[in-house]
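Here is the naming used below: chain letters follow the sequence lines, and residue numbers restart at 1 for every chain.
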Amino acid sequence: MPETTSLGSGGSAYWTVGDDIADTAAPDGPIETRWDRRKFSAKLVNPANRRKHTVIVVGTGLAGGAAGATLAEQGYNVIQFCFQDSPRRAHSIAAQGGINAAKNYRNDGDSVYRLFYDTVKGGDFRARESNVYRLAQISTQIIDQCVAQGVPFAREYSGLLDTRSFGGVQVQRTFYARGQTGQQLLIGAYQALSRQIDAGNVEIHPRTEMLDLIVIDGRARGIVARDLVTGKITPYLADAVVLATGGYGNVFFLSTNAKGSNTTATWRAHRRGAHFANPCYTQIHPTCIPRSGEYQGKLTLMSESLRNDGRIWVPKTKGDTRSPDQIPEAERDYYLERIYPAFGNLVPRDIASRAAKYQCDDGRGVGPGGLGVYLDFADAIKRMGEDKVREKYGNLFEMYDRITGEDPYKVPMRIYPAVHYTMGGLWVDYDLQSSIPGMFVIGEANFSDHGANRLGASALMQGLADGYFVLPPMLGNYIASTKLGSVSLDDPAVTSVVGEVTGRLGRLLEINGDRTPDSFHRELGELIWDECGMGRTEAGLRKALARIPELREEFWRRVKVPGDSGELNQSLEKANRIADFLEFGELLCIDALHRAESCGGHFREESQTPDGEALRDDEHFAYAAAWEYTGGAPVLHREPLQFDYVHLAQRNYS
Amino acid sequence: MNLTLRIWRQRGPEDRGAMVTYELADVSPDMSFLEMLDVLNERLILEGEDPVAFDHDCREGICGMCGVVINGQAHGPRDRTTTCQLHMREFTDGETIDIEPWRAAAFPVVRDLVVDRSGFDRIIGSGGYISVVTGSAPEAHATPVPKDIADAAFDNATCIGCGACVAACPNGSAMLFTSAKVTHLNLLPQGAPERETRVRDMVATMDDEGFGGCTNTGECTVACPKGIPLTSIGNLNREYLRSLTRR
Ligand SMILES: Cc1cc2nc3c(=O)[nH]c(=O)nc-3n(C[C@H](O)[C@H](O)[C@H](O)COP(=O)(O)OP(=O)(O)OC[C@H]3O[C@@H](n4cnc5c(N)ncnc54)[C@H](O)[C@@H]3O)c2cc1C
Ligand code: SF4
Ligand code: FES
């Protein structure tokens, strides 16, 4: 194991430190007018010329769907990709709770400034003020756009839009469509995109996966993709490339993400020169259905609203295997109510998650493998009556019953935290351009707006803001201000990438070892969950960093991928994604090791307040960490963060 | 529990395909149906066989990617449940389970249990939208929508595009799917300007794509995991007739 010479951000055997970087695209001056001024200074592409420009958009989630539709409406020639069989199935479809917007329809004191303030603070002061302010400004336009598209948001009897509060903020700014907000917003974007596909403005490639990026003369000029049905590998060329490929939560194997969510597009782009920022900022959601056995392939999120009426407890005795109704009141520990009397069961996501982990680590967990805590509605049923509980939570109880076969009206639910969202992602400037000119990154795939922790209902907002409103003018600016030479398919820079991609798939098929791809994914996921999950320590991270390269080596020696590459081969798809997770996982742990402070979703056990709260170290870590790929130890570039409007302060929930 | 699985294996669109029998032991009743297939596939890989190809992604019943015919029923025995949300406790020890792809003229088999549902995308592309260029939308509260209309639109908008309705229909008709979208958009004031062209164009595409006609068997709505009702088809028919009188 390599020896580390120093800790903190000063470099070690695991990484070196390069020059600081700056977001040179962001305007300064009054924050309220920065976005207007940036748009005004942007160069425009003459509408008649737009058809001559081709843009590749990878991904059809909220970010990619919105971007593809909008760019096509503006006249660009769009080529778009997704790995599912239809653009309508992107993972955004699964979002439940809602989308924030500073409409202030309730006259409850909301404003653009308050949404900005809440987001910077919620992100634990690790996001850029300029970006967040713009996001809050655009939020109101998103709701207008979606309503005009026919998104059936919840309404009041007046016919006006209903809103609710979400994620601990004090205003009701969350718009929702029952528990299916993501679905409804995505279908809106998908329909707009479908209209452009039908009009011939977007060439859509479903069941097609981007496997690499083509960079020519330092600029992103295309991608190499595999048709998942025929296996054919094809290079696609363009004037600019947009990645909208979602988050990397599945590096943990078990998460609430869709099974196909992966990091291949972003990781391959990183290997071609795009900095990866803050990978260690991952969000873990406290109320998921625990795993029921070894075979489990994915975890299901249950709305956080359950914590409003459910009481969380574990048996006081370790290893107590009695059924919950056999455990008398005096032998139960309602630990959140005990440790955080002021907030009780409603402490923020990360605190609730960690507390559950500590109970289980300590042997008090319940259910299979002791990885669960009770969320008990018995008192709520006594207090409000079963009908009221049913009215409030009926659909969630039904979902729980369907999955576990247990009736939560009679038996307490079992819950356990699970990975849910990734704040880190490819580094982008204010224009959403990555460190490779001509490659833009939008949605969960970038790192831009949520700092170290995302507030509920803000991912949908960011994806749509990026796709509908921020990317299109900034992409136009790039095209208008850049003189792009022509490239051809037989350019060596193109054929060499095609060769590398083909070679790699061939190697995966040749190994013919004795372990399945999933078995590696599971093992990697468990390691990362244990050492780089809810709580992280220097010793644990070093352990993970020692093990990951071994596992990677083993993967390339022992993985077994049946079939061949010229056909639909789901094992090959998986193995190729896992190979990238095995590289990415190491960067995740390096970032977590280097950031010796706790902030947001990144909890370093060494850095906490006496009552177990995350303790930031603003003096040393008030920066975004942008990592450069070298093939060996990555290079850290710091982008210092400045807070001119929202003043740095520690969180406090006790 | 121990199960006998009879699974449709078909290497590609040109291949004839056949049912192949597999014995699977030690299946936990807490497994989802797809996790059960995962376990089978892990074994097949190690035995050097090609795993069974099937579509899935969210595994939460919302993306619409999964879907197989289980013992003759699209999405299996449980009401209002997608294949990914179905659990093995719905089956009994020693049972034989037949697993087949969606079968419909307009959904050709790609491989094993995977079919091509892109016809649905083309139906939407031909009119299943409201034409609003990004940035041109009026203030959201400019047009209030009565709650009952909004709720009915929402109920129809919950369709996940899985295709079970087509698979369950003896005619392979896409009426339930198409009617859900027409009803969602035509109910809303925002959808009114394109009300006639929408329904005409979508119905025409439905026919062009090779989906069959509707003979009111109602199988679609029984199979639909989202409970899209037959009344939506009635509404589609009314909208269609109305559009013909207003050319
Ligand atoms: C269960 C759950 C509930 C959530 N609830 C909420 C909520 O209530 N509110 C909220 O604001 N946020 C919520 N989120 C977060 C939010 O849903 C996501 O962050 C957001 O939808 C991501 O959108 P996206 O467009 O960036 O990516 P995605 O929707 O993940 O889309 C990624 C796209 O990229 C494509 N793709 C990926 N890789 C490749 C490749 N290599 N080649 C080709 N195509 C590729 C995929 O096919 C897909 O089309 C939730 C998340 C989860 C998991
Ligand atoms: S109508 Fe029902 S069965 Fe048909 S595609 Fe939609 S959700 Fe699936
Ligand atoms: S996998 Fe998404 S609905 Fe079943």
Side-chain angles (χ1 to χ4, degrees), chain A residues 69-70 73 84-89 91 93-94 103 105 141 143-145 147-150 152 155-161 177-178 180 183-184 187 191-192 194-195 197-198 206 229 258-260 292-293 295-298 300 402-405 468-469 514 516 518 560 562-563 567-568 570-571, chain B residues 12 28-31 34-35 38-39 42 45-46 48-51 53 55-60 62-65 81 85 87 89 110-111 114 116-118 120-121 124-126 128-135 137-141 144-147 150 153-154 157-158 161 184-185 188 190-191:
Chain A
T70 304
E73 283 165 10
Q84 293 91 347
D85 71 327
S86 162
R88 68 180 290 149
R89 307 203 201 282
H91 169 57
I93 200 108
K103 281 282 197 189
Y105 282 158
Q141 251 180 304
I143 302 302
D144 298 343
Q145 179 67 24
V147 166
Q149 288 172 342
R155 288 182 184 263
E156 314 254 22
Y157 283 100
S158 60
L160 300 176
L161 295 164
R178 245 171 263 173
Q180 280 144 267
Q183 179 196 28
Q184 296 308 320
I187 295 299
Q191 288 171 183
S194 297
R195 174 171 162 246
I197 294 168
D198 190 64
V229 174
K259 289 290 284 175
S292 61
Y295 48 79
Q296 185 123 1
K298 106 139 230 169
T300 302
R402 199 184 297 252
I403 292 176
T404 61
Y468 283 133
F469 298 108
D514 59 356
T516 63
D518 263 355
K560 187 176 178 90
E567 59 182 1
L568 178 70
Q570 294 174 326
S571 304
Chain B
S28 156
D30 290 329
M31 281 179 183
L34 297 185
E35 282 165 353
D38 289 341
V39 170
E42 289 289 282
I45 293 175
L46 293 177
E49 267 190 69
D50 284 336
D55 267 333
H56 66 101
D57 199 24
C58 74
R59 297 205 179 185
E60 291 191 6
I62 192 75
C63 75
M65 185 111 173
T81 304
Q85 292 287 83
H87 282 70
R89 61 183 81 90
V110 174
R111 179 170 194 161
V114 175
D116 178 353
R117 288 170 289 200
S118 56
F120 270 9
D121 291 322
I124 298 295
S126 65
Y129 50 74
I130 291 173
S131 302
V132 48
V133 168
T134 303
E139 153 59 41
H141 271 175
V145 181
K147 184 168 164 40
F154 175 86
T158 58
H184 160 210
L185 296 176
L188 294 170
Q190 288 85 357

Can you tell me which portion of [X] sits under 4.5 Å from chain B's heavy atoms? Options are side chain, backbone, both or neither.
X	result
A:Ser571	side chain
A:Ser292	side chain
A:Gln145	both

Over all heavy atoms of both residues, which pair between [X] and [Y] is shortest? Give the atoms and the distance, please.
X	Y	result
B:Ile62	A:Gln180	CD1-CG, 3.9 Å
B:Pro138	A:Asp144	O-CB, 3.4 Å
B:Arg89	A:Arg402	NH1-O, 2.9 Å
A:Tyr105	B:Ala140	OH-CB, 3.5 Å
B:Leu188	A:Gly150	CD1-O, 3.4 Å

Name all residues meeting the salt bridge (Lys or Arg N to Asp or Glu O under 4.0 Å) criterion together with A:Asp514; count only those two or more places apart in sequence or in a different chain, and write none if there are none.
-> A:Arg558
Which residue out of [options] racks up the most heavy-atom pairs below 4.5 Å with chain B?
options	result
A:Ile403, A:Ile143, A:Asp85	A:Ile403
A:Lys103, A:Gln141, A:Arg88	A:Arg88
A:Gln183, A:Glu156, A:Gln84	A:Gln183
A:Val229, A:Ile187, A:Asp518	A:Asp518
A:Gly563, A:Gly405, A:Gly293	A:Gly405

Would you say the side-chain atoms of B:Glu35 pair up with the backbone N or O of A:Gly297, donor to acceptor, closer than 3.5 Å?
->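 Yes, because the side chain of B:Glu35 sits within donor-acceptor range (under 3.5 Å) of the backbone of A:Gly297.
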Using atom types as modelled and distance alone, determine if a side-chain donor or acceptor of B:Arg111 lies under 3.5 Å from a backbone N or O of A:Leu568.
->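 Checked: pair present.
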Atom CG of B:Asp57 and atom CD1 of A:Ile93: how far apart are they, to the nearest 0.5 Å?
->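 These two atoms lie 10.5 Å from each other.
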Looking at CG of B:Asp55 and OG of A:Ser86, how far apart are the two atoms once the value is rounded to the nearest 0.5 Å?
-> 11.0 Å
Walk me through it: do A:Arg195 and B:Ser131 pass the test side-chain contact (heavy atoms from CB on, under 4.5 Å)?
-> CA-CA 8 Å; A:Arg195 174 171 162 246; B:Ser131 302; 3.2 Å; yes
A:Tyr468: side chain to side chain donor-acceptor pair (under 3.5 Å) partners, not counting sequence neighbours =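 Checked A:Tyr468 against side chain to side chain donor-acceptor pair (under 3.5 Å); matches are A:Gln149.
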